[in-house]
Asks: 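So that we are looking at the same thing, I have put the structure below in structure tokens.
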Amino acid sequence: HLPANEITVWISQTSIISTSLFCLKFKNFFIDEFQDTSQMQWRDLKPLLENNALSDDGQVTLFGDVKQAIYRFRNGDVNLFYNLIDYERMRLNGATHLPALSSDTYENIHLQSNYRSSQSVVKFNNAFFRYYSDKLNLSDFYEDVEQEVRSGDEGLVQIYFKSVSSDKKLKRDFPNKSDDIEAFIDDTESISVEDAEVLRAVVDAQGRGYAQGDIAILFSGNDKVRNTANLLMSRGYDVITEQSLSLDASPNVNLILSTMRYLLYPMDMVAQASVLFYLSINKEEQKDDFQTMLLTLRRNNDFLEKIAALNEGKTIPVEQWLTQPLYVLLTHIIDFYALDKTDDPFVVDFNNLILKYLQSHNGELSEFLNWWNLQRENNNVDSLTLPSGVDAITISTIHKSKGLEYPVVILPTSKASHKLSPVWSKTAEGSVVYLNLSKKSCMGSSYEDLLNEEETNKAIDRINLLYVAHTRAKDILYVIANG
């Protein structure tokens, strides 16, 4: 317990440390998710900790788990935390050494109890990651992997095996398919073995009484998220993906944006076709795809007539709207298309986004559209925040699931890639080179140690990603593994 006159500062590992912090005096620090801290962040943090807390009877708490370090691609360095969780390693390592910290004031607290997962999930993870870490020569990193069960629920772990070769092609007849999945796989339909196993797991979970909203399907990357979402939706399931919740996935938001673009470029037929396309979706009168609409406009040039036909005889007052500030323009467009009567949460969030945007930008329409395009190019468009209780299957990447939990987790695993990413390295002469690491080019050379280090880091990435996925499950874990 901290005295009332002391302040605890909570600093997210993803935040940029403001220079104003160095002007203040804090005695106590709690830093969460420390395993994903980068060397640059540590260089900023270290003087804060040494000169404020450790030199003035304060307290520093670093909270994290080396087994959940999965952000090396963002420069997270798990070795920082690995060295800090052992006093002797910390003392002997120059980067992590904190001279003000003595063995008497150092304490490593290992939280062994698992209050999230069922007995079967915890016991399976204990055994699996003990075995896998030994196989990868990472037993030091996973020395505290075994957890104590605190849940009274028995739970379940099921493993489905698929052959590596069969995953490369589509199967018409899924081997050993059971009666409960027969209705989902037509004998005339082509479906991959992995997709069939995903369906089998979903059906099995529902047969055990779990709702769609209890189920999460986790992938190591984005490449299979959309295909799996389409597979499930084609069979009547409701799904949630990050892409489906993005504001730019909403037809009504795209109708607003297309209208804004049309105001700036009224002779642009692509902008015209976009307005018609999304308006026809809004009015549930979509008969043509976008390309057909564009070709029709080029032939007939009847944009305003089509708008009036779809929108109760109203046409867009271009000159009037162009004089309006951005937020007033937004309200006019929403009213023009009667979007305020739809209770569309995407429109509500888009309204809030523009209000937030105007706090730090001017109201120029062209600048806003340029800003929006930049957000899209950088995959940084805001996503809808759904209320709890929405009954839909979550399909996500493992990275996005970190910190979350689901009653049922389905994990289709893929064959691990052993290809190493290129790295920057400094030569003995002081120049910097960009290296494609391989055993053939590095063994026996001055880069052999760098190769071994990168291979170890790659193995840590692989096992940690699996660990994060396995530990999202509360009750049931389905693993679809390569045979």
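These numbers come from the heavy atoms of this one structure, side chains and all, not from hydrogens, waters or symmetry mates.
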Asks: A side-chain contact here means heavy atoms from C-beta on lying under 4.5 Å apart; do Leu411 and Ile398 qualify?
Replies: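 Yes - at least one pair of side-chain heavy atoms lies under 4.5 Å apart.
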Asks: Between Ser396 and Lys400, which heavy-atom pair has the shortest distance, and what is it?
Replies: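 So the two residues come closest at OG-CB, 3.3 Å.
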Asks: Which is it for Asp391 and Asp238 under the side-chain contact (heavy atoms from CB on, under 4.5 Å) test, yes or no, and what are the steps along the way?
Replies: CA-CA 7 Å; Asp391 191 26; Asp238 297 316; over 6 Å; no
Asks: Nearest 0.5 Å, what's the CD-OG1 distance between Gln272 and Thr259?
Replies: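 Atom-to-atom, Gln272:CD and Thr259:OG1 are 11.5 Å apart.
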Asks: Within the structure provided, determine whether Lys67 and Phe141 are in side-chain contact (heavy-atom separation under 4.5 Å).
Replies: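 Result no, sub-4.5 Å side-chain heavy-atom pair not found.
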Asks: Asp382 versus Asp349: any side-chain heavy-atom pair under 4.5 Å?
Replies: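 SC-SC contact between Asp382 and Asp349 ruled out.
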Asks: I'd like to know if Asp214 pairs up with Arg208 as an ion pair, taking the criterion as any Lys NZ or Arg NE/NH1/NH2 lying under 4.0 Å from an Asp or Glu carboxylate oxygen.
Replies: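 Between Arg208 and Asp214 there is no salt bridge, as every charged N stays at least 4.0 Å from the carboxylate O atoms.
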Asks: Begin from the C-alpha positions of Gln375 and Asn380 and carry the test side chain to side chain donor-acceptor pair (under 3.5 Å) through to its verdict.
Replies: CA-CA 5 Å; Gln375 303 307 301; Asn380 200 29; 3.1 Å; yes
Asks: Please report the interatomic distance CG(Asn227) to NZ(Lys224), rounded to the nearest 0.5 Å.
Replies: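 Between Asn227 CG and Lys224 NZ, I get 9.0 Å after rounding to 0.5 Å.
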Asks: The test is side-chain contact (heavy atoms from CB on, under 4.5 Å); show your working for Leu138 and Ile463 and say whether it passes.
Replies: CA-CA 9 Å; Leu138 294 174; Ile463 190 173; 3.9 Å; yes
Asks: For the residue pair Gln206 and Tyr237, establish whether any side-chain heavy-atom pair is separated by less than 4.5 Å.
Replies: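 Yes. Closest side-chain heavy atoms under 4.5 Å.
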Asks: Within the 4.5 Å heavy-atom criterion, are Leu329 and Leu263 side-chain neighbours or not?
Replies: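 The answer is yes, as the side chains (C-beta and beyond) meet within the 4.5 Å cut-off.
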Asks: Please check if atom NZ in Lys356 has more than 12 non-hydrogen atoms from other residues, nucleotides or ligands closer than 6.0 Å.
Replies: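 No - once you tally the heavy atoms of other residues, nucleotides and ligands closer than 6.0 Å, there are 12 at most.
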Asks: Salt bridge (charged side-chain N to carboxylate O under 4.0 Å, His left out): which pairs involve residues 304-315, sequence neighbours left out?
Replies: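 Found Asp302-Lys306.
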Asks: Mind listing the side-chain donor-acceptor pairs of residues 465-473 below 3.5 Å, one per line with the distance, residues two or more places apart or on another chain?
Replies:
{"from": "His470", "atom 1": "ND1", "to": "Asn125", "atom 2": "OD1", "distance (Å)": "3.0"}
{"from": "Thr471", "atom 1": "OG1", "to": "Tyr467", "atom 2": "O", "distance (Å)": "2.7"}
{"from": "Thr471", "atom 1": "OG1", "to": "Val468", "atom 2": "O", "distance (Å)": "3.2"}
{"from": "Arg472", "atom 1": "NE", "to": "Val468", "atom 2": "O", "distance (Å)": "2.6"}
{"from": "Arg472", "atom 1": "NH1", "to": "Leu404", "atom 2": "O", "distance (Å)": "3.0"}

Asks: Please find the pair of heavy atoms, one from Asn362 and one from Glu364, that lie closest to each other, and give the distance.
Replies: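 Smallest heavy-atom distance, with atoms named: OD1-N, 3.0 Å.
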Asks: If you define the side chain from C-beta out and look only at heavy atoms, does anything of Tyr160 sit under 4.5 Å from Val479?
Replies: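 A side-chain contact under 4.5 Å is absent here.
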Asks: Counting only N and O atoms by type, is there a donor-acceptor contact under 3.5 Å from the side chain of Asn370 to the main-chain atoms of Ser366?
Replies: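 Yes.
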Asks: Are Leu477 and Ile410 packed together at the side-chain level, in the sense that at least one heavy-atom pair is separated by less than 4.5 angstrom?
Replies: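 Counting from C-beta outward, Leu477 and Ile410 never come under 4.5 Å.
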Asks: Out of Ile476, Asp204, Val202, which one pairs with Tyr210 under the side-chain contact (heavy atoms from CB on, under 4.5 Å) rule?
Replies: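 Going through the options one by one, the only one that passes is Ile476.
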Asks: Please name all residues satisfying salt bridge (charged side-chain N to carboxylate O under 4.0 Å, His left out) with Arg72, sequence neighbours left out, ordered by chain then number.
Replies: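 Salt bridge (charged side-chain N to carboxylate O under 4.0 Å, His left out) check on Arg72 returns Glu454, Asp461.
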Asks: Distance only, no hydrogens: is a donor on one side chain within 3.5 Å (strictly under) of an acceptor on the other, for Glu33 and Gln35?
Replies: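 The criterion, which ignores hydrogens and geometry beyond distance, is satisfied for Gln35 and Glu33.
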Asks: Any idea which heavy atoms bring Val121 and Ser117 closest together, and the distance?
Replies: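 Looking at all heavy atoms of both residues, the closest pair is CG1-CB, 3.8 Å.
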Asks: Apply the test salt bridge (Lys or Arg N to Asp or Glu O under 4.0 Å) to residues Asp36 and Lys402: give CA-CA distance (whole Å), side-chain angles for both, the deciding distance (0.1 Å), then the verdict.
Replies: CA-CA 12 Å; Asp36 294 317; Lys402 190 165 181 282; 3.5 Å; yes
Asks: Give me the atom names and distance for the closest heavy-atom approach of Thr228 to Ile217.
Replies: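 That closest heavy-atom pairing would be CG2-CD1, 4.3 Å.
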Asks: Counting only N and O atoms by type, is there a donor-acceptor contact under 3.5 Å from the side chain of Asn373 to the main-chain atoms of Leu369?
Replies: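 Here the side-chain-to-backbone pair exists.
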Asks: Short question: side chain of His399, backbone of Ile70 - any donor-acceptor pair under 3.5 Å?
Replies: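 Such a contact is found between His399 side chain and Ile70 backbone.
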Asks: Leu218 and Ile395: side-chain contact (heavy atoms from CB on, under 4.5 Å), yes or no, with the steps?
Replies: CA-CA 6 Å; Leu218 305 181; Ile395 306 176; over 6 Å; no
Asks: Please determine whether the number of non-hydrogen atoms from other residues, nucleotides or ligands lying under 6.0 Å from atom CE of Met233 exceeds 12.
Replies: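 More than 12 within 6.0 Å, yes.
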Asks: Shortest non-hydrogen contact from Thr241 to Ala229?
Replies: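 That would be CG2-CB, 3.9 Å.
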Asks: Could you tell me which residues satisfy salt bridge (charged side-chain N to carboxylate O under 4.0 Å, His left out) with Glu455, sequence neighbours excluded, listed by chain and number?
Replies: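 In terms of salt bridge (charged side-chain N to carboxylate O under 4.0 Å, His left out), with neighbours along the sequence ignored, Glu455 is linked to Lys439.
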Asks: Could you state the interatomic distance from CZ (Phe277) to CD1 (Ile281), rounded to the nearest 0.5 Å?
Replies: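 Reported value, rounded in 0.5 Å steps: 4.0 Å.
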Asks: What heavy-atom pair brings Gly363 and Leu358 nearest, and what distance separates the two atoms?
Replies: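 Reported closest heavy-atom pair: CA-CD2, 3.8 Å.
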Asks: Can you list every salt bridge (charged side-chain N to carboxylate O under 4.0 Å, His left out) pair that touches residues 370-380, not counting sequence neighbours?
Replies: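 Only Asp248-Arg376 qualify under salt bridge (charged side-chain N to carboxylate O under 4.0 Å, His left out).
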Asks: Please determine which of Phe368, Tyr327, Trp372 meets the ring pair (Phe, Tyr, Trp, His ring centres under 6.0 Å) test together with Tyr357.
Replies: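 That would be Phe368.
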Asks: Roughly how far, to the nearest 0.5 Å, is OG1 of Thr413 from CZ of Phe219?
Replies: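 Rounded to the nearest 0.5 Å, the CZ-OG1 separation comes to 10.5 Å.
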Asks: Mark yes or no for whether Thr61, through its side chain, and Phe30, through its backbone, hold a donor-acceptor pair below 3.5 Å.
Replies: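 Pair absent, no side-chain N/O of Thr61 close to backbone of Phe30.
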Asks: Indicate yes or no: at least one non-hydrogen side-chain atom of Phe29 is less than 4.5 angstrom from one of Leu45.
Replies: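 Sidechains of Leu45 and Phe29: no contact.
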Asks: Would you please name every residue forming a salt bridge (charged side-chain N to carboxylate O under 4.0 Å, His left out) with Asp344, sequence neighbours left out?
Replies: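 With sequence neighbours excluded, Asp344 shows a salt bridge (charged side-chain N to carboxylate O under 4.0 Å, His left out) to no residue whatsoever.
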Asks: Taking the side chain from Asn282 and the backbone from Tyr278, do they hold a donor-acceptor pair closer than 3.5 Å?
Replies: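 Checking the backbone N and O of Tyr278 against the side chain of Asn282, no donor-acceptor pair under 3.5 Å is found.
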Asks: In sequence, state the C-alpha distance, the side-chain angles, and the governing distance for Ser401 and Tyr406, and then conclude on side chain to side chain donor-acceptor pair (under 3.5 Å).
Replies: CA-CA 9 Å; Ser401 74; Tyr406 306 94; 5.5 Å; no
Asks: Using only atom types and a distance under 3.5 Å, with no angle test, would you say the side chain of Asn464 pairs donor to acceptor with the backbone of Ala69?
Replies: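 Between the backbone of Ala69 and the side chain of Asn464 there is a qualifying donor-acceptor contact (under 3.5 Å).
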Asks: Let me confirm one number: the CD1-CD1 distance from Ile240 to Ile393, rounded to the nearest 0.5 Å.
Replies: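 With rounding to 0.5 Å, CD1 (Ile240) is 10.0 Å from CD1 (Ile393).
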Asks: To the nearest 0.5 Å, tell me how far Asn352 CG sits from Leu247 CG.
Replies: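 Atom-to-atom, Asn352:CG and Leu247:CG are 10.0 Å apart.
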Asks: Applying side-chain contact (heavy atoms from CB on, under 4.5 Å) to Tyr478 and Val408, what does each step give before you reach the verdict?
Replies: CA-CA 8 Å; Tyr478 296 95; Val408 177; 3.6 Å; yes
Asks: When you look at Trp42 and Phe81, which way does the ring-ring contact (aromatic ring centres under 6.0 Å, His included) test go after all the steps?
Replies: CA-CA 10 Å; Trp42 176 240; Phe81 196 48; over 10 Å; no
